[in-house]
Amino acid sequence: MSNNKPRLYHINITRRCNLGCTHCYIEPEIRDRDLILSPGQFSEIMATARDLYREDQRPPEIHIIGGEPTLVPIEHHRAYLDAVSKQLDGIPHTLTLVSALPNRRAVKIGELYSEVIVSWDADARKQNQWLWLGHINTLRRAGVDLRVAVTLSKTVLAYGIDRVLDYLLYDAGFEEIHLAPLIPTPNAQVEMPLNGEISKALIVSAKWGVAHPHVEIMPYTGLLQFNASGIVYDGLVCPVQQDAINIEPDLRICSCVGKGGVSDDLIGYNGNLTAMIRSAAMQQEKIMHSRLPAYCLKCQHQELCLGGCRIALEHQPFDESGECHGFSRFLDYMADLEASLELRAEQIVVR
């Protein structure tokens, strides 16, 4: 991994949430915690991001998330942005709010940010689809760069992935769409499809992507752009591979974004966030998440998926059809598709 690969800071400013997404990986007792990350704590995180960048030139990729982060008062968000401006002045970085945009207050907070990733769920949007469309269009008019993320739950797959993509493009106007496999923590396992079903949905998304070349759809587009010298963070690769740092509202940390959603012995705050990130416990967690299962070692796709999600590995390594949690059948399809596209491009050049 080259030194200039971004380092992901997954900052959970609260775990509270006013939605009921069926695919949510955060356990109820964690959502019930009434904690909010203070501006002072956020400033400390930004100072740590600055210091780590000076050490290894890894640009911070900062995701403000939760829970539903717009439940945190707008004054906090203004203070967070002020901390980013002061602590990361002159340092290359990205800053993104991740929100479902459930109400007008969320939109007001979204307008403070230059980039927002909004979530979409086939079940959660049944009653308020027009309100949601109004919210995203308000942000667009304010000049906010919007992307959308869809978790591949049973509900979404039952809705139809091509139908989802059509809606998000033609009705909602999104040209950047991220399809992400569900993190099957205990709270979300009821919505976990079989691996083979996810592969089929991703293949449908690739066919849809061929027909809509102006739309960036992950992981399809990311895999077309894959370079063996680097890692594409496309929803298939574990964020630990990006040196992810999941930060809880009480400043406990871990490497695995999904692990932060379950009751666990995360690395407790000891007054020095940089030392916690550099600690042996954190490094050991990264090593455990980076070890490929034995059956991955002979797979031609191991550089692409890097073993997939370790939580998914523990939950359901293979389904009854023999599909792996790295979705090798989708990757087989993509390899054939890329070869076909390259051949077609060569034929066009010859003509």
Side-chain angles (χ1 to χ4, degrees), residues 3-16 35-101 105-119 135-136 138-140 142-149 176 178 233 239 242-255 257 260 267 269 271-278 282:
N3 285 337
N4 62 351
K5 292 293 178 183
R7 174 180 283 110
L8 175 64
Y9 292 83
H10 193 265
I11 305 176
N12 303 286
I13 60 174
T14 182
R15 285 302 198 175
R16 295 169 56 203
L35 297 175
I36 291 177
L37 191 74
S38 73
Q41 291 170 320
F42 189 90
S43 183
E44 180 182 352
I45 296 168
M46 293 303 99
T48 297
R50 176 200 64 209
D51 293 344
L52 292 180
Y53 173 79
R54 289 172 177 171
E55 286 181 19
D56 57 21
Q57 302 298 293
R58 301 279 300 279
E61 180 180 324
I62 303 160
H63 287 188
I64 308 297
I65 195 166
E68 173 49 56
T70 59
L71 291 177
V72 173
I74 194 169
E75 294 77 13
H76 279 60
H77 284 274
R78 292 194 177 102
Y80 298 157
L81 290 165
D82 185 57
V84 172
S85 177
K86 290 179 179 177
Q87 300 287 6
L88 299 184
D89 183 35
I91 292 176
H93 65 276
T94 59
L95 174 67
T96 306
L97 176 71
V98 183
S99 168
L101 299 179
R105 179 180 62 184
V107 174
K108 289 294 183 184
I109 291 173
E111 288 175 334
L112 299 176
Y113 291 82
S114 59
E115 295 183 13
V116 173
I117 297 176
V118 61
S119 61
H135 294 163
I136 62 176
T138 298
L139 288 186
R140 284 200 181 104
V144 177
D145 180 19
L146 278 174
R147 289 167 282 161
V148 64
E176 294 184 54
H178 187 177
Y233 182 55
Q242 200 182 357
D243 269 1
I245 302 166
N246 182 83
I247 304 175
E248 295 297 310
D250 58 3
L251 291 185
R252 293 186 305 152
I253 67 169
C254 64
S255 237
V257 170
I267 300 171
Y269 182 65
N272 188 328
L273 194 56
T274 302
M276 291 163 58
I277 292 170
R278 296 298 195 201
M282 191 72 160

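Atom CD1 of I245 sits about 7.5 Å away from atom OG of S255, to the nearest 0.5 Å. Atom CG in L97 sits 11.5 Å away from atom CD1 in I11 (nearest 0.5 Å). The line from OG1 of T94 to CG of L8 is 8.5 Å long, rounded to the nearest 0.5 Å. The CD1 atom of I247 sits 7.5 Å away from the OG1 atom of T48 when rounded to the nearest 0.5 Å. Once rounded to the nearest 0.5 Å, the distance linking CD of Q57 with CG of L52 reads 11.5 Å. Note: I277 CD1 to L273 CG = 4.5 Å, rounded to the nearest 0.5 Å.
Scored by the side chain to side chain contact (heavy atoms under 4.5 Å, CB included) test, E176 finds D145, R147, E216 as partners (sequence neighbours excluded). Looking at residues two or more places apart in sequence or on another chain, you find a side chain to side chain contact (heavy atoms under 4.5 Å, CB included) between A106 and T70, S99, L101, P102, N103. Legend: residues meeting side chain to side chain donor-acceptor pair (under 3.5 Å) with D51, ordered by chain and number and at least two apart, are absent. The salt bridge (charged side-chain N to carboxylate O under 4.0 Å, His left out) check on R278 picks up E55, D56, with sequence neighbours excluded. Partners of R140 under the side chain to side chain contact (heavy atoms under 4.5 Å, CB included) rule, at least two apart in sequence or in another chain, are I136, N137, L146, F174. Remark: S38 pairs with Q41 by the side chain to side chain contact (heavy atoms under 4.5 Å, CB included) rule, at least two apart or across chains. A search for ring pair (Phe, Tyr, Trp, His ring centres under 6.0 Å) contacts involving H77 returns Y80, Y113, not counting sequence neighbours. Taking E248 as the reference, R15 meet the salt bridge (charged side-chain N to carboxylate O under 4.0 Å, His left out) condition, with sequence neighbours excluded.
Closest non-hydrogen pair, M276 versus I267, comes out as CE-O, 3.6 Å. Minimum heavy-atom separation, A49 to Y9: CA-OH, 3.3 Å. Contact record, I117 with A149: CG2-CB, 4.0 Å, taken as the closest heavy-atom pair. Residues G271 and E44 share a closest heavy-atom pair of O-OE2, 4.1 Å. Of all heavy-atom pairs spanning Y269 and R252, the tightest one is N-CG, 4.3 Å. Smallest separation of non-hydrogen atoms from R58 and P6: NH2-O, 3.4 Å.
Judged by distance alone, with hydrogens and angles left aside, the side-chain atoms of T14 form a donor-acceptor pair with the main-chain N or O of L35 at under 3.5 Å.
When each of M282, E61, R7, K5 is tested with D243 by the rule side chain to side chain contact (heavy atoms under 4.5 Å, CB included), just one qualifies, namely R7. With L37 as reference, I45 is the one residue of I64, N12, I45 to meet the side chain to side chain contact (heavy atoms under 4.5 Å, CB included) rule.
Using a 4.5 Å cut-off on side-chain heavy atoms (C-beta onward), R16 and I36 make contact.
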- Query: Please walk me through it: do H10 and V98 pass side chain to side chain contact (heavy atoms under 4.5 Å, CB included)?
  - Reply: CA-CA 10 Å; H10 193 265; V98 183; over 6 Å; no
Would you give me the side-chain donor-acceptor pairs under 3.5 Å for residues 84-92, sequence neighbours excluded?
unit_1, atom_1, unit_2, atom_2, d
K86, NZ, D82, OD2, 3.1
Q87, OE1, R50, NH1, 2.4
Q87, NE2, S43, OG, 3.2

